[in-house]
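Chain identifiers are assigned alphabetically (A, B, ...) following the order of the sequence lines, protein sequences preceding nucleic acid strands; residue numbering begins at 1 within each chain.
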Amino acid sequence: MNDVLPYPPSGNTWLHTGRWRWVEERFRQVCRRYGYREIRTPILELTDLFVRSVGEGTDIVSKEMFNLVDRGGRRLTLKPEGTAPVVRAIIEHEMLAAHPLLKLYYIGQNFRNERGQKGRYRQHQQLGVEAFGSADPALDAEVIELAVRFYREIGITDQQLQINSVGCPQCRPAYREELKQYVKPTLSEMCGDCKSRYEVNPLRMLDCKAPHDVEILSGAPKLLDWLCEDCGEHFRSLRRHLEVMSVPHQIAPQLVRGFDYYTKTAFEITSGGLGSQNALGGGGRYDGLVEDCGGPAAPGIGFGLGMERCLIAMDSLGIEFETEDEAPAVFLVALGESAKSAAVGLLTKIRGAGISADMDYVGKSLKAQMRLAGKLGARLVLLIGENELKEGVVSFRNMMTSQQETVPQSEVIQRIQSWAME
RNA sequence: GCGGCUGUAGCUCAGUUGGUUAGAGCGCCAGGUUGUGGCCCUGGAGGUCGUGGGUUCAAAUCCCGUCAGCCGCCCCA
């Protein structure tokens, strides 16, 4: 969990709201360009939703969810991932009836109860897309290419895309047995995690990092060789589309994702500079998920990417970008009580005309008010004192050139507007 | 869940083998003559040394607990 501040903090410069907005806006732009519409789902969902979709044996469900019980005795969970809530929402609102092909994107908070470290937080923000209603590998390619393009557009030049197929309920069981047969003789030499994975989720052994296990598994049968005709053709087709799109990618036979709902396509995008959490984002196809959650039989594919990891990767690559100008265009300086009152009226008028403006509220001296105007970055200072009040004018000071002029009160708005044009 | 490290002013940190009123830079505030910012000069405010306990004549400093953060493992975003 992190506080993201309005002013760039020293050190962790990525904890700055300006940067977050910039990345979010880029993501929105890309999603809109590809025909995805925004959806927002609640932070709380019924615990059961995640248990059924993500899978009982997964790390997330078995040890990483923030659970709570409400006063009605319902078991609720702070959402640990974004896909299941979206699936729940589209079923509840029968969205597929009106939009047989439904393309959605989201930006939201996820929660996982685990030990934090660089790039991994108990509350983190994910940006993601989900596309429902088509099993066409071209849609897989679209989603993957969208992700790759997004990273490229925010300047992450060292991204690497890895793809794999995790099969389907038709072909996966046979492979699972084959893998178990292969591992069985050497199971006693493997790490404790793998011993339990052997029983609970054998495929997860494939991405074990223990050196000896990696050695053992290097000769293991490949999932890609055991795909059924449908899954095999889907994967080959996906690759052809990626070639046509000129999206560089590597095949990663050991790539297995941590959720049970994935079928066929699985992919991950990594970047250097992230430490041991090198995944920027990942996703895959989930053709049985909507039906499993009580909806129509609709295939789907999506991905999620971590906001914090994007920002950290950008920092480590030294990516610069323009932050929007949040300085007030105009700063009002008032001298004395009656001038203050006139300034308040003027301030309101200026803001009402759509111009950003601000003034002092802590009783600063003229000098201090000027200092504040300078610090805030105001380009124009409007000064009202006894002299100006008497003559019905306002002094305009151009903070860039230090030139000053007087303007009749009735023409102030007009003058600010024309001044902005100069 | 396991292992390691850190915790002193708003921020980044210093603080000698335990020893007077705990320091610096930056930031903040105020002045540098009559109503004018940036640079410069001067001054000022601000800290129960994360927290609880212990050792000692004496603890920011040593020991233990606790909380928080960071880093690695696991896993993931």
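With respect to Lys79(A) and Glu81(A), no salt bridge is recorded, no charged nitrogen being found less than 4.0 Å from a carboxylate O. Ion pair Lys390(A)/Glu386(A) not flagged as a salt bridge, since none of the NZ, NE, NH1 or NH2 atoms sits closer than 4.0 Å to an Asp/Glu carboxylate oxygen. Between Glu25(A) and Arg32(A), at least one side-chain N (NZ, or NE/NH1/NH2) sits under 4.0 Å from a carboxylate O, which counts as a salt bridge.
Distance CG (Asn201(A)) to P (rC74(B)): 17 Å, rounded to an integer number of Å. Between the P atom of rA77(B) and the CD atom of Glu308(A) lies a distance of 13 Å, rounded to the nearest Å. One can place CG of Asp59(A) at 14 Å from C1' of rA77(B), the figure rounded to the nearest angstrom. Nucleotide rG10(B) holds its P atom 16 Å from the CG atom of Asp3(A), rounded to whole Å. At whole-Å resolution of the value, CZ in Arg122(A) and P in rA68(B) are 7 Å apart. If you take CZ of Phe27(A) and P of rA77(B), they are 14 Å apart, rounded to a whole angstrom. In this structure, Arg112(A) atom CZ and rC76(B) atom C1' are separated by 6 Å, rounded to whole Å. Nucleotide rA77(B) holds its P atom 15 Å from the CE atom of Met65(A), rounded to whole Å.
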Acceptor/donor pairs from residues 54-61 of chain A side chains to any protein atom, 3.5 angstrom cut, sequence neighbours excluded:
residue, atom, partner, partner atom, Å
Thr58(A), OG1, Gly55(A), O, 2.7
Thr58(A), OG1, Val61(A), N, 3.3

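Residue Gln117(A) has no polar side-chain atom (N or O) positioned under 4.0 Å from OP1 or OP2 of rC71(B).
Searching all strands for a Watson-Crick or G-U wobble partner of rU66(B) with both distances below 3.5 Å returns rG50(B). Pair check for rG38(B) finds none; no Watson-Crick or G-U wobble contact set falls under 3.5 Å. The base-pairing partner of rG44(B), taking Watson-Crick or G-U wobble contacts with both distances under 3.5 Å, is rC28(B). The partner of rU56(B) cannot be assigned: no Watson-Crick or G-U wobble pair with both contacts below 3.5 Å exists in any strand. rC73(B) is paired with rG1(B) under the Watson-Crick or G-U wobble criterion, all donor-acceptor distances under 3.5 Å. With a 3.5 Å ceiling on both atom-pair distances, rA9(B) lacks any Watson-Crick or G-U wobble partner.
Checked by atom type, the side-chain pair Glu130(A)/Tyr36(A) shows no donor-acceptor distance below 3.5 Å.
For a distance-only test at 3.5 Å, the side chain of Arg115(A) qualifies as a donor-acceptor partner of the base of rG3(B). Taking only distance into account, the side chain of Glu114(A) meets the base of rA77(B) through a donor-acceptor pair shorter than 3.5 Å. Donor-acceptor pairing under 3.5 Å, judged by distance alone, is absent between the side chain of Arg204(A) and the base of rC74(B).
Looking at residues two or more places apart in sequence or on another chain, you find no side-chain contact (heavy atoms from CB on, under 4.5 Å) involving Ser218(A).
No contact: Asn110(A) has no heavy atom under 4.0 Å from any strand. Backbone-only contact: Phe259(A) has heavy atoms under 4.0 Å from sugar-phosphate atoms and none from a base.
Nucleotides rG65(B) and rG46(B) have their P atoms positioned 37 Å apart, rounded to a whole Å. Straight-line distance between the C1' atoms of rU6(B) and rG50(B): roughly 11 Å, to the nearest whole Å. On the P atoms, rU21(B) is 16 Å away from rU61(B), given to the nearest whole Å. For the P atoms, the distance linking rG31(B) with rC71(B) amounts to 44 Å, nearest Å. Between rC26(B) and rU42(B), the distance separating the two P atoms is 11 Å to the nearest Å. When the P atom is used for both rG37(B) and rC70(B), the distance is 43 Å, rounded to whole Å. Taking atom C1' on both rU51(B) and rA60(B), the two are 14 Å apart, rounded to the nearest angstrom. Taking atom C1' in both rC39(B) and rG7(B), one finds a spacing of 37 Å when rounded to whole Å.
Checking rC74(B), rC76(B), rC70(B) against every side-chain atom of Asp193(A), the shortest atom distance belongs to rC74(B).
Between Phe259(A) and Tyr262(A), the ring-plane angle classifies as parallel under the 30° and 60° cut-offs. Using bins of under 30°, 30° to 60° and over 60° for the plane-to-plane angle, the ring pair Tyr121(A)/Trp14(A) lands in the tilted bin.
Annotation: side chain of Glu405(A) is in contact with side chain of Arg415(A) (closest heavy-atom distance under 4.5 Å).
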_Walk along nucleotides 25-38 of chain B from 5' to 3' and tag each nucleotide B, S or - by protein heavy-atom contact under 4.0 Å, base first, then sugar-phosphate._
---SSS-B--BBBB
